[in-house]
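Have a look at the structure below before the remarks.
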Amino acid sequence: MPYVRWSRYFLPTWKEEPAEADLPSHKLMLRAGLIRPLAAGIYTYLPFGWRALRKVEAIVREEMDTIGGAELHMPIVHPAELWARTGRLEDFGPQLVRFADRAGREMVLGPTHEEVVTDLARREIQSWRQLPLMLYQIQTKFRDEPRARGGLVRVREFTMKDGYSFHEDASDLDRYYPEVYRAYERIFRRCGLATVAVEADPGLMGGSGSHEFMLMSDQGEDTFVQCPGCGYAANREGAVAVKSSDPDEGLRPVEEVATPGCYTIEAVAGFLGVPTRKTAKAVFFRAGARVVFVVIRGDLEVNEAKLARLLGTAELAPASEEEIAAIGAVPGYASPIGISARGAMIVVDDSIPQARNLVAGANKEGFHLRNVNFPRDFQASLVGDIALARDGDPCVRCGAPLRVRRGIELGHIFKLGTKYSQALGATFLDRDGQARPLVMGCYGIGIGRLLAAVIEAHHDEEGIVWPASVAPFHVLVTALNPEGDQHLALATSIAARLAQHGLDVLLDDRKRSPGEKFHDAKLVGIPVLAAVGPRSLRRGQVELERRCDGVRDVVSADLAAIERAVGDLLRAASG
RNA sequence: CGGAGAGUAGCGCAGCUUGGUCAGCGCGCAUGGUUCGGGACCAUGAGGUCGGCGGUUCAAAUCCGCCCUCUCCGACCA
């Protein structure tokens, strides 16, 4: 492979920090010439960034191939009709970009490819003998995100590895799924990232399991719960925690008490001198046409994802003042007692049945009720866990206090089941000659986000510090004084030699001051720098510097010696 | 979609309150020269319909209205 000459390459660097960027990875990807924005959440990959992306892709390909994946490439433009058949033309909402072709046919830009791959499987897979099958692609997706942000962490147009497996039954999917899980762990580890696999909420997607792979980061766009005791980790939406309960006490009779001006739980609890956990909080939602009256212990928060799952609906929104008034509830003093008759649905968190003698609203401005008890005083349409797990709550498995953490979601794997194969009629004949829907799994990795995550995890004040595995180049050979002929000549032969031996080499042959070139070297973060300059060359030596720890070494200006030393440094840098 | 902030040269910014020598600074860029090991120096120069449209005014980067774009927070998120 030939080496690349910086003077003829396209690697524009910025000395100053761009005002528009906030995340370190975003700033550095702009400054070190990896990407340039075209529009919100839409980026051009410059040659340097594209090289890095290809390195990440190569790792992903290798690991996908290792678990039997076969790479293919599906279209970006899909007929809308296909999406209508699974119902996702509507479900995906405005994130799905739609347009008509010249003949007026409705088309969409693919935000993901379950429909297309399932349609392919429907046509091609007829027999159990063709199973199992893993197909994957690395391809551009478009989702019109309501809020693109953070550079490549959340974009609208992005490169994604999406894989789909097909099985004759759920148990074969159960057997294969852990293989993908382990492949994902290898992918992220090889990219130099320590990820946490988090149990995710299968939600309305159905299926029996799902994991998200998170990079722990305070800058993360996602939240999850982790137990330091037993390792339990779950997406915030699905995380369960123990709800501590108070010692049992006898039921006391309900009594009305004046609480003027107490519109919040804190105000009521403070006014009456009871802890918030001794109150019942009312929260209102609208699920489709119905108003949902949620009752939860005052110290807890409603987890809307859990509530939506319990209700079996995707349409859940906070109720308006009018909707709340329409069911006869008084905001600030709302009470579940006497509401059910008015047609609202009452959902009770499972913290409520355990609690005794709570303070709840009286449905009358300025009054609350003491000693409200479920189910003595009011009934529920549904009871279940709808509370948000909090930092410090006891783990359901081991009791240790849970921690809430932020992270960047790098990958998501999913046991899909038969949702898509059933909707699209993708069946095969099993061993008994029976037609059955294909059982599917799907597996995604955001490649660009993964690249951003690598930089998020590997940088310092001066620039990127690439792990050797995904570095765009292994070695940067700098001729410090190119006008002084012999430096450039030696640097060039070093670059040629290293390239000949399989390394990716960038030769900095630009006519710039040494200071500038050293700073650029730090910024672009190539693992090993070989500097050819008068100071060391006078002693017949070349200076080597390792980016990750700044360790410097001089070796004699002999090609074989340099090649050896560079190899040693690289090995140490990837360890 | 709600809240906040910002659009002036490739990048970072000042000017706007109080309309009129305000088209400016630093970096970068070009040319020539001097430099050459951790973002050098001198000289000369190019580069902007001040986000757009409309309005007020003798006069608008500056005041008013509408729109567009970008960033951050939230809602949202396979």
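Chain identifiers are assigned alphabetically (A, B, ...) following the order of the sequence lines, protein sequences preceding nucleic acid strands; residue numbering begins at 1 within each chain. As the structure is a computational prediction, the values presented were derived from the model and not from experiment.
Taking every side-chain heavy atom of A:R147 into account, B:C72 is the closest of B:G37, B:C72, B:C70. Residue A:R512 places its side chain closer to B:C29 than to any other of B:C29, B:C76, B:U71.
Heavy atoms of A:G533 sit under 4.0 angstrom from at least one base atom. At a threshold of 4.0 angstrom between heavy atoms, the contacts of A:R154 include nucleobase atoms, whether or not backbone atoms are also involved. Contact annotation for A:E543: base contact, defined as any heavy-atom pair under 4.0 Å involving a base atom. Among the heavy atoms of the strands, none lies under 4.0 Å from A:E462. Note on A:E16: a base of the nucleic acid sits closer than 4.0 angstrom, heavy atoms only.
At least one side-chain heavy atom of A:R547 sits less than 4.5 Å from a side-chain heavy atom of A:E462.
Evaluation of atom-type donor-acceptor distances gives no pair under 3.5 Å for the side chain of A:S513 against the base of B:G37.
In summary, A:R449 and A:E221 engage in a salt bridge, as defined by a charged side-chain N under 4.0 Å from a carboxylate O. For A:E185 and A:R189, the salt-bridge test fails: no basic side-chain N is under 4.0 Å from an acidic carboxylate O.
Separation of the C1' atoms belonging to B:C50 and B:C13 is 13 Å when rounded to the nearest angstrom.
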